[in-house]
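One structure below.
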Amino acid sequence: MDPTAKASRFALQAKAVCVVPLTMSLVFLIAINGFGCSGMSRDEIVASTTILSILVYVLILTALFLRSGKIDFVFLFVLVSWPFYFGQQLLSVIGAESSRTMINIGQLTDDAIFHAGVITLICVNALCLAYNLYPANYRQRPVQMHSAERETLKKACLAVAIIVLIPTLLTLYRNYSLSASVGYGTRISDESLQLSGIDNIAGIAAQFMPYALLGLFLSRKKGDKWQAVALLTYIALYIATGSRTQGFILLIAVAVVWTSVFSKKTPLQQLAAILVVGLAVAFLFSAVSLARSVADTGNAVISDMLFQNNPIVDAIQEAGQTFVVLGTVYTNTPQPIPFGEGATYLSGIVYVLPNGLTGNYYDSVDSVDQLFASFLTNYGGVGSSFVAEAYYNFGQASILIMVVFGLLLGKLQKEYENSLSKGNYFATFACACCFMICSFYIRSDVRTFIRNFVWSVGPILLLGWAIRNRSKPQEQYNSNRKSIRLARNNRV
């Protein structure tokens, strides 16, 4: 039996073994969600949900790894999601919470902390169970891909990057200047500072840059460094404006491409490298958060604040605010806010069309952020998550949405791996962009997915296909000339 067949057989056996504990875990979580937390103190609730989350996440991550023996996107998605959903609980258990940790200052009830935590575990478990059931590819990582298509993708992404370079720099400079002068919070929440229509043409063009950089990184040749330098430079400039989300999701997509295309390390070595980089990024993001606080409140030196605060603790604390949103959604639905019954998902489908064709239907349907922000703050937004959006729409039945999401991610992962093995750079790029967009939904609503892909990735794909189709006649001409020369040489 060849090595690939052996690996396939082992993976199938491991997958069959993992489905059982994942199913049992899901049943157990549904049961304890029904029993509730009566008779438990707040400290006991926080401690029990934290320990339970660690156990369930370890089980899920183990199953995901055994599914194919690789560090794939869903593995990274689940791994990164934990501090967003259970980070604040961990800080509370170990006594490292700060004054901004909402679960300890009465923002959420004991019941909300318990049920929101368990519902999160149910949703993540159901998603990963469905993903694990989807047929996986069991193959050796390809080491060669079609150079012609790689060059075509490189040309398309380089052209887009050059075209949007100036608008991107102008947008970044404007955002940096506003964050430095009026504060990050005011910049994103003050409607008078927001641009729209023709005034925002530079901002619209700048949206293409992260996808173009991802395509350049994917299509780079062995030994090329400038693509990685350009990508890191963009991320540095972007987070200097006070924002972090685009840099965060871009890094996740880059990690997926690196592990599946370029890295020759073992999966455990890849995971170790990703964790080290993740800690460094957490430190950097924490520093950016402190810088935003300085700009917003006029506090003193950032270096002093860094020494007075643990940057990793601050990063986990801030990420954990995402859980507070879900707890707030749980508390306030279906009363006083009724279930959305799929309205946000429908608006997302319609959102792919220009607003003028839909009567601005998308804007008429409030997001989770818009609906529940007033329960938590009077200043700015609070974010959301794919779990919070699902619960707002369907309550306990949101588990069914997670099954759909899991199957769709399974399909996406398989298409990504198939395109890699066939050397199809455009399909690989499209899937990698989907991974990047999906990463955003750890702390935001899913409803923007279709529009983000169609309007931000679609034009790059169309340009690449146009370049490829235009080059085909020349390639055919060169091939014919080569055949004629060979025929003449053979006659001689």
Side-chain angles (χ1 to χ4, degrees), residues 73-74 76-88 116 119-120 123-124 127 184-185 187-189 194 203 207 210-211 238-239 241-253 281 285 288-289 315 318-330 333 340 342-352 362-363 365-377 380-394 398 401-402 404-405 408-409 412 433-457:
F73 167 71
V74 174
L76 292 176
F77 181 87
V78 173
L79 179 66
V80 171
S81 73
W82 189 88
F84 287 90
Y85 302 148
F86 297 98
Q88 285 201 6
I119 288 169
T120 299
C123 288
V124 176
L127 183 150
Y184 173 79
R187 174 171 76 82
I188 64 172
S189 61
Q194 309 305 312
Q207 295 176 1
Y211 300 101
Y238 177 81
I239 65 175
T241 68
S243 300
R244 295 163 299 177
T245 303
Q246 198 70 256
F248 169 75
I249 64 176
L250 181 54
L251 284 173
I252 292 179
V281 170
F285 281 5
V288 172
S289 179
E318 188 168 358
Q321 305 291 12
T322 303
F323 172 80
V324 181
V325 179
L326 176 58
T328 304
V329 172
Y330 172 82
T333 52
T344 63
Y345 298 121
L346 178 60
S347 70
I349 296 173
V350 174
Y351 192 39
V352 71
Y362 177 86
D363 292 332
V365 178
D366 289 334
S367 66
V368 169
D369 191 339
Q370 293 169 320
L371 285 168
F372 296 92
S374 61
F375 292 100
L376 295 172
T377 181
V382 294
S384 179
S385 68
F386 73 100
V387 178
E389 183 185 22
Y391 189 85
Y392 158 66
N393 278 284
F394 300 110
S398 56
I401 297 297
M402 296 301 121
V404 174
F405 286 169
L408 290 175
L409 286 173
L412 178 62
C433 290
C434 288
F435 293 150
M436 179 176 167
I437 297 170
C438 288
S439 301
F440 183 51
Y441 304 130
I442 291 175
R443 60 182 313 272
S444 184
D445 289 344
V446 177
R447 67 178 187 157
T448 59
F449 175 84
I450 299 177
R451 185 181 180 95
N452 285 340
F453 183 84
V454 170
W455 291 102
S456 297
V457 182

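Every value quoted in this text rests on a predicted model; they were computed, and no experiment measured them.
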- prompt: Do you know which two heavy atoms are closest between Val387 and Leu326, and how far apart they sit?
  reply: CG1-CD2, 3.7 Å
- request: Working to the nearest 0.5 Å, report the span between OH of Tyr392 and OG of Ser367.
  value: 9.0 Å
Flag side-chain contact, heavy atom, 4.5 Å: Tyr362 against Thr448: yes
- line: Rounded to the nearest 0.5 Å, the OG atom of Ser81 sits from the CG atom of Leu127 at a distance of 9.5 Å
Distance, nearest 0.5 Å, that separates CG of Asn452 from SG of Cys433: 11.0 Å
field: Side chains of Ile437 and Tyr211 in contact at under 4.5 Å (non-hydrogen atoms)
entry: yes
statement: Taken to the nearest 0.5 Å, the spacing of Thr245 OG1 from Tyr238 OH works out to 5.5 Å
query: Hey, does the side chain of Arg447 reach the backbone of Ser347 with a donor-acceptor pair shorter than 3.5 angstrom?
result: no
statement: For Ser385 and Tyr85 the tightest heavy-atom approach is CB-OH, 3.6 Å
- prompt: When you measure from the side chain of Asp445 to the backbone N and O of Val368, does any donor-acceptor pair fall under 3.5 Å?
  reply: yes
Donor-acceptor contact below 3.5 Å, side chain Tyr391 vs main chain Gly327: no
- request: Mind listing the closest non-hydrogen atom pair of Cys438 and Leu409 along with its distance?
  value: SG-CD2, 4.4 Å
- prompt: Taking the side chain as C-beta and beyond, is there a heavy-atom pair between Phe86 and Thr120 under 4.5 Å?
  reply: yes
message: Would you say the ring centers of Phe449 and Phe405 fall short of 6.0 Å from each other?
response: no
message: I'd like to know if the side chain of Trp455 and the backbone of Val352 have a donor-acceptor N/O pair within less than 3.5 Å.
response: yes
query: How long is the span from the CD1 atom in Ile239 to the CZ atom in Phe248, to the nearest 0.5 Å?
result: 13.5 Å
message: Could you report the tightest heavy-atom contact between Val365 and Gln370, atom names first, then the distance?
response: O-OE1, 4.1 Å
- prompt: Side-chain contact, heavy-atom cut-off 4.5 Å: Asn393 with Thr344?
  reply: yes
- prompt: Between Phe372 and Thr333, is a side chain to side chain contact (heavy atoms under 4.5 Å, CB included) present by the stated rule, with each step listed?
  reply: CA-CA 10 Å; Phe372 296 92; Thr333 52; 3.6 Å; yes
query: Considering all heavy atoms of both residues, which atom of Val382 and which atom of Ala373 are nearest to each other, and what is their separation?
result: CG2-CA, 3.8 Å
query: Side chain of Glu389, backbone of Ser384: donor and acceptor closer than 3.5 Å?
result: no
field: Arg244 CZ to Leu251 CG distance, which is reported to the nearest 0.5 Å
entry: 13.0 Å
task: I would like to know whether Tyr351 and Val454 meet side chain to side chain contact (heavy atoms under 4.5 Å, CB included); could you show each step before the answer?
output: CA-CA 10 Å; Tyr351 192 39; Val454 170; over 6 Å; no
- prompt: Under the 3.5 angstrom rule, does the side chain of Ser398 hit a backbone N or O of Phe394 as a donor-acceptor pair?
  reply: no
- request: Taking the side chain as every heavy atom from C-beta outward, state whether Leu250 and Met436 have any pair of such atoms under 4.5 Å apart.
  value: yes
- request: Just jot down the ring-ring contact (aromatic ring centres under 6.0 Å, His included) partners of Phe386, sequence neighbours excluded, or say none.
  value: Phe77
Over all atoms of both residues, closest heavy-atom pair of Ile252 and Leu76: O-CD1, 4.4 Å
query: In a check of ring-ring contact (aromatic ring centres under 6.0 Å, His included) between Phe435 and each of Phe453, Phe440, Phe73, which one passes?
result: Phe73
